[in-house]
Amino acid sequence: MSTNVRVRFAPSPTGFLHIGSLRAVLFDYLIAKTLNGQLILRIEDTDRKRQVAGAVEGLINILAWAGLKFDEGPQAGGPFGPYIQSERMEIYKEQAEIILKKGAAYRCFCAAERLTEMREQQQAEKKPPFYDRLCRELSQAEIKKKIKDGQPFVIRQKMPLTGEVMVHDELRGSIKFMAASLEDQILIKSDGMPTYQFASVVDDHLMQISHVLRGEEWLSSFPKNFLLYQSFGWQPPKFIHLPLTLNKDGGKLSKRQGDVAVEDYKNKGYLPEALLNFCVLQGWHPSASVKAPKEKTDEILSLAEMIEYFDYKDMGISPAIFDAEKLDYFNGYYIRQMSLEKLAELGRPFMRENLKLTRDRRKQSDDYIKKAIGLEQERLKKLSDLGELTEFFFNDELNYEPELLIWKNLEAKQVKENLRIIYGLLEKIADRDWLKENIEKDMIDYLKTNELKAGDYLWPMRAALTGRAASPGPFEVAQVLGKEESLKRIKMAVKKL
Ligand code: GLU
């Protein structure tokens, strides 16, 4: 086997990319990058039952969105293709013949009914499901006859009946399995399709994969994979089994408990930087690495920093906890770091509904949209919140209860009067001076000179401009709304009272 580092990400196209798979491909990427290796994308689509139309393209697109580049794969090409398993059927057929000839596998002609009956019996006896190896000792003549009779068969891997199997995981060390507990698993199904257990071993070998990183759920079949490598006479790659990701209650992260599809996060306006930063901490931490500076505790890591500090040997094996609030924290952080131009570009698709609320061309302009978004940048957690947060900038008519305008114990009459005063002050500001600083100065000067309480004026002003209990401050909102619209809104508020 070549000594080059080659790491593969091998998703099954089930219709969406699981957030746990994003974590896996990120670690694949980091292993490849930190060891000067290659990252390979291989599509594992041999399970026809799980096939979803358009899923392969979907996978490729979402991985591109995440920003992880593959050196080889269905799109990038490469010398070890095809990289889609359904296009490699001849290879599996050939390798299945080889493993049969070596006597490490056998044809099993057991009918589905027999297997079901056996399973039910085992279930009733509270035993784990286990194929009873009926076909393992069929004579050559019997096999020939059954094939001639057109009896369908699967190909099963022959497990040792006694002894121990030792496997090595890069994070867990050596793990011992009792051979007697290993079922003669299916390698080739009756329709000729290989199982994951066969195709992945064959492909990992032929594609010269050096490091296999996969979920912990594959640990129980690891000894069988290892034995298959031995039977072929192949050197197995290094294996790394990623710990599970659990939800906050300690249960398995599943579709029912909120979003697990990366596509859903994308649609909600999570940024790839935030998702990757979140994922890398699910199984690794910079403080565990000798390469990371001691003060690296804020956990904010760019992809370049991850590459700088990461060492797969520092990965942990305790389950990772999926903390959605932490993801929001990262997303908010990366949104704040973004230029307003970029944020406006990414935010625009989330503003569509708002644009329907106005007939005013000015409010539909890029400049206005950008300014409205700019006021929310500081407190934004995800882009999809933009629509709701900035809606009041677009409404041609605000809809709110008059009570909203009332500050503390002020009488409605007093609030009305205060709003009239504000109107008068604002009206005097020239169009070209309509800036947050000037508006603020004129208002505050007036309040100070007349020894008035700020809240009695600024609350009604802000409420009149936004129609909301919470929003950015009145001066900055007024600047974005513009003089005409601000005055219009204050007049409306006076009318309400
Ligand atoms: N196709 C497998 C899956 O999606 C890949 C597991 C592996 O990486 O070996 O779970």
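Atoms within each ligand, like the ligands themselves, are counted from 1 in listed order.
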Pair F27 and W284, ring centroids less than 6.0 Å apart: no

Going by the order shown, which atoms of ligand 1 are within less than 4.0 Å of some heavy atom of R214? 7 (C), 8 (O), 9 (O)

Short N/O distance, under 3.5 Å, between A10 and ligand 1? yes

min-distance protein heavy atom vs atom 7 (C) of ligand 1 -> Y196 OH, 3.3 Å

Min heavy-atom dist W218 to ligand 1 below 4.0 Å: yes

Indicate, with yes or no, if the rings of F222 and H241 have centres closer together than 6.0 Å. yes

Hey, would you say the Y368 and F394 ring centroids sit under 6.0 Å apart? yes

Under-4.0 Å salt bridge between R133 and D184: yes

Of all protein heavy atoms, the one nearest atom 8 (O) of ligand 1 is R8 NH1, 2.8 Å

Has S200 got any heavy atom lying under 4.0 angstrom from an atom of ligand 1? no

Salt bridge check: are K176 and E164 linked by an N-O gap of less than 4.0 Å? yes

With heavy-atom distances below 4.0 Å as the criterion, list the atoms of ligand 1 near E44. 1 (N), 2 (C), 5 (C)

Is D328 salt-bridged to K268, going by a charged N under 4.0 Å from an acidic O? no

